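Working notes for the structure below.
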Number of protein chains: 2
Amino acid sequence: MMKAKDSYHHGDLRHGIIEEAKIWIETKDISSLSLRGIARRLGVSHNAPYRHFADKESLLAAIAEMGFIKLRQWLQQVLEDNTLTPEEGIKALGVKYIEYAISNPAYYRVMYSAYLSDYKKYPSLEKAAEESFTILIETIAQGQQAEVIRSGDTRELAYVCWSLVHGVSMLYLDRQLRSSEMKSIEKLAKLATAMMIEGLAVKK
Amino acid sequence: MMKAKDSYHHGDLRHGIIEEAKIWIETKDISSLSLRGIARRLGVSHNAPYRHFADKESLLAAIAEMGFIKLRQWLQQVLEDNTLTPEEGIKALGVKYIEYAISNPAYYRVMYSAYLSDYKKYPSLEKAAEESFTILIETIAQGQQAEVIRSGDTRELAYVCWSLVHGVSMLYLDRQLRSSEMKSIEKLAKLATAMMIEGLAVKK
DNA sequence: TGGTATATGTTGCTATTGTCAACATTCATC
DNA sequence: GATGAATGTTGACAATAGCAACATATACCA
């Protein structure tokens, strides 16, 4: 199924639309994204995208879903290193999470933008989001079993961790962190996760 | 300057627009917000809002600015209690911040939505945002002077705290925290700030 | 091989929106 | 009471989302 130029059919329009949307969001911004604009860039009629996405929100949902799947893959990489202690694992997950957001701004913006009002309308998106979150939950649970992470509602602890790395990511992407510190976003990520671990640790 | 019904002039249209926009964002969502819709609801011509706001983004900027001013007021209330230790103060600030976000979803959404692409276009907004952040910075600095908060770049520590409470707030507003836990958002806020304090504390 | 259902793309249309320009009315001030 | 400024209105234009009807290519089957 090759892309055939000048042919009636595009070849892989669905994929092309998603890629173009990602570029748009990265270079311009998400609020100006338009299906017609994307169609224009792809040299396709203004209604062609509707053969692949029910509406604009469905396109965003598809992108978000891919974003969560990719996020999970990134986080999974961290777990492949079996030499890490539970604390190191959680810290590494946090840093990796922030790295992901920064490296994939378009994905991350769509995943957590208010443009996707109702997650529940897209079950596969919800599933992908939950699956990436599961990695964090399980890692924390392991730490609790090893008695290096404080006991208590695992999901709640995971929410706190998630909130922290999500906050860092969003503030960074929204350019709320002063430019001088932008260079040291990695440093901030490490500081944040290090502090998080201290809050997670069992009291001695 | 009373609101005069059936008169040519509205009375206080600027204020009315902002209030109506807030209601819209709370009941519907920010992406569907339209100036014409607001004008319609206020029984005013579709272009009347342009006498008060240069464009749609300017309206959002005005709302965001008010949001930051109000946030600062909320946080300031915490500081008025002189009996708090630095740690308690920081914890209370964090909880108050989250309470603010939850109690004022429309404000908070606008303050941190991607719809306001360029903060720098609105200097007074930037100033209001920085001023509310200053409260956190100064409180942490005091804790450092009292040697109960770890030393290091104060602004960076403040960024971590801000990220955490921002993350909790955004995830809550975006309904990413499971409904069963939604009731206990206050509990989550307390847990998060308590963990944060442990990460901030000086090592013993 | 040829024919047909289906997937994919196009054209044309309507309703809505943001925003501009020109005009109307009221208010505030001298 | 007159006049300039503030505020509101009317009418226009371009862009957009999304629907319906139509066109073309593709896949699959007899």
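The sequence lines fix the lettering, A, B, ..., with proteins before strands; numbering per chain opens at 1. Every heavy atom of this structure was used, including side-chain atoms; hydrogens, water molecules and symmetry mates were not. Please read all numbers here as calculations on a predicted model, not as lab measurements.
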Practice item. May I have the distance from B:L60 (atom CG) to C:dG18 (atom C1'), rounded to whole angstrom? Key: 13 Å
Practice item. Let me know the distance between CG of A:D12 and P of C:dA7, rounded to the nearest Å. Key: 16 Å
Practice item. With sequence neighbours excluded, give me every ring pair (Phe, Tyr, Trp, His ring centres under 6.0 Å) pair touching residues 22-62 of chain B. Key: none
Point to revise | Test salt bridge (charged side-chain N to carboxylate O under 4.0 Å, His left out) applied to A:K70 - qualifying residues, sequence neighbours left out | key: none
Study note, to complete from the structure: The residue, A:A54 or B:P49, whose nearest nucleotide of DNA chain D is more 5′ is B:P49
Practice item. Could you state the atom-to-atom distance from CG of B:L13 to P of C:dT26 in whole Å? Key: 16 Å
Exercise for review: Could you tell me which residues satisfy salt bridge (charged side-chain N to carboxylate O under 4.0 Å, His left out) with B:E88, sequence neighbours excluded, listed by chain and number?
Suggested key: none
Check the interface with nucleotides 13-17 of chain C: list each N/O to N/O pair with the protein under 3.5 Å, or write none.
unit_1: C:dT17; atom_1: OP2; unit_2: B:R40; atom_2: NH2; d: 2.4

Can you give me every donor-acceptor pair (side chain of residues 133-140 of chain A, partner residue at least two apart or in another chain, under 3.5 Å) with its distance?
unit_1: A:T134; atom_1: OG1; unit_2: A:E130; atom_2: O; d: 2.8
unit_1: A:T139; atom_1: OG1; unit_2: A:I135; atom_2: O; d: 2.8

Practice item. Figure out the OH/P separation between B:Y50 and C:dA22, and round it to whole Å. Key: 17 Å
Point to revise | Derivation of the salt bridge (charged side-chain N to carboxylate O under 4.0 Å, His left out) call for A:K22 and A:E26 | key: CA-CA 6 Å; A:K22 277 162 51 189; A:E26 270 171 25; over 6 Å; no
Check your understanding: Should A:H52 be listed as having a side-chain N or O under 4.0 Å from OP1 or OP2 of C:dA7?
Key -> no
Review point. Sequence neighbours excluded, which residues qualify as salt bridge (charged side-chain N to carboxylate O under 4.0 Å, His left out) partners of B:D174?
Key: B:R109
Practice item. Round to the nearest Å and state the distance from A:R51 atom CZ to D:dA21 atom P. Key: 12 Å
Review point. In whole angstrom, what separates A:F53's CZ from C:dT8's P?
Key: 12 Å
